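Take a look at the structure set out below.
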Amino acid sequence: MASNTSKRKSSAVNGGGPLKKSGHWSQGLKASMDDPELVVEEDDRLVIIKDKYPKARHHFLVMPRESIANLKALDSRHLDLLRHMQSRGEELAAKTSKTLQFRLGYHAIPSMSHVHMHVISQDFDSVCLKTKKHWNSFTTEYFLDSEDVIQMIENFDAVEVNSSDSEKILKKDLRCHKCSKEFSTMPALKKHIVVHIANE
DNA sequence: GTTCTAGAAC
DNA sequence: GTTCTAGAAC
């Protein structure tokens, strides 16, 4: 074994941030779109990648090639694109598993820049799913279904997100997304949710 | 978004 | 003593 096995070196190693070369971490999806290891499907309007830290057995991100910063930048001009993203996402979900259920949608306040639609199976059986924020971001109103986002734009020509409410949602108590049973810790919740996964 | 870890919670 | 969460990261 080499040196420094027991303690991590300080940030002096690469002169500052861990992502200095590739830019700020929040811009990471841009690079992922060009990573052949992650891309599963693409066409002239979008790219679909595997989430680098999947929060379920199947977790994809559908991203427009056109750079759109966030949900607030969306309006009726994007309706065709958004419908296409949902359509391609539904196809991929159907192709991926006949038994698992999926949801397609957007986080109210995503951490990563560049609009991305999650396509995620509802088992949430993943070692990458660790925190209350992870859980609540996929199982509460924080998760905006694609069809609802599209409908909002059809009706109001915009997506309305209350950022103050959204932040509070992430702090809510842990509840099973299937039976609403409450749990005090993530390990307890994770142990429970597997009972809802249908055997294949 | 993740990693790391102090100290709260048990 | 161990598990678990939550905040800093320049």
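Here the structure is a predicted model, which is why all the values come from computation and not from measurement. Numbered from 1 within each chain, the chains take letters A, B, ... in sequence-line order.
Distances shorter than 4.0 Å separate some side-chain N or O of A:K133 from OP1 or OP2 on B:dG1. The side chain of A:K191 places no N or O atom within less than 4.0 Å of a non-bridging phosphate oxygen (OP1 or OP2) of C:dT3. For B:dT3, one of the phosphate oxygens OP1 or OP2 lies less than 4.0 angstrom from a side-chain nitrogen or oxygen of A:K130.
Regarding A:H24, its NE2 atom lies at a distance of 12 Å from the P atom of C:dC10, rounded to whole Å. In this structure, the CG atom of A:D173 is 11 Å from the P atom of C:dA6, given to the nearest Å. Spacing between atom CH2 of A:W25 and atom P of C:dC10 amounts to 15 Å, rounded to whole angstrom units. Computed from coordinates, the A:F138 CZ to B:dG1 C1' distance equals 11 Å when rounded to whole Å. The nearest whole Å value for the distance from the CG atom in A:N136 to the C1' atom in C:dA6 is 14 Å. Taking atom CG of A:L29 as the reference point, atom C1' of B:dT2 lies 13 Å away to the nearest angstrom. Atom-to-atom, CG of A:L170 to P of C:dT5 comes out at 15 Å; the value is rounded to the nearest Å. The separation between A:F183 atom CZ and C:dC4 atom C1' is 16 Å, rounded to whole Å.
For the pair A:K55 and A:Y53, the NZ or CZ position fails the cation-pi test of under 6.0 Å to the six-membered ring centre and within 45 degrees of the ring normal.
A:K52 comes within 4.0 angstrom of nothing in the nucleic acid, heavy atoms only. Across all strands, A:K132 comes closer than 4.0 Å to no nucleic acid atom at all (heavy-atom distances). As judged by a 4.0 angstrom heavy-atom cut-off over every strand, A:P110 is placed among residues making no nucleic acid contact.
Nearest nucleotide to the A:S111 side chain, out of B:dT2, C:dT5, B:dG1: B:dG1. Side-chain proximity of A:M186 to C:dG7, C:dT5, B:dT3: nearest is C:dT5. Closest approach to the A:H134 side chain among B:dT3, B:dG1, B:dT2 is made by B:dT2 (side chain taken as heavy atoms from C-beta onward).
Among A:V115, A:V161, A:D145, the one residue that satisfies the side chain to side chain contact (heavy atoms under 4.5 Å, CB included) test with A:Y106 is A:V115.
The aromatic rings of A:H118 and A:F143 are tilted relative to each other, their planes meeting at an angle between 30° and 60°.
Distance CD/A:Q101 to NZ/A:K178: 4.0 Å, rounded to 0.5 Å.
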Handout entry: Criterion side-chain hydrogen bond (donor to acceptor under 3.5 Å, both in side chains) on A:Q151 and A:E147, from CA distance to verdict
Key = CA-CA 6 Å; A:Q151 199 164 91; A:E147 56 185 277; over 6 Å; no
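The partner of B:dT3 is C:dA8, judged by Watson-Crick or G-U wobble contacts that both fall below 3.5 Å.
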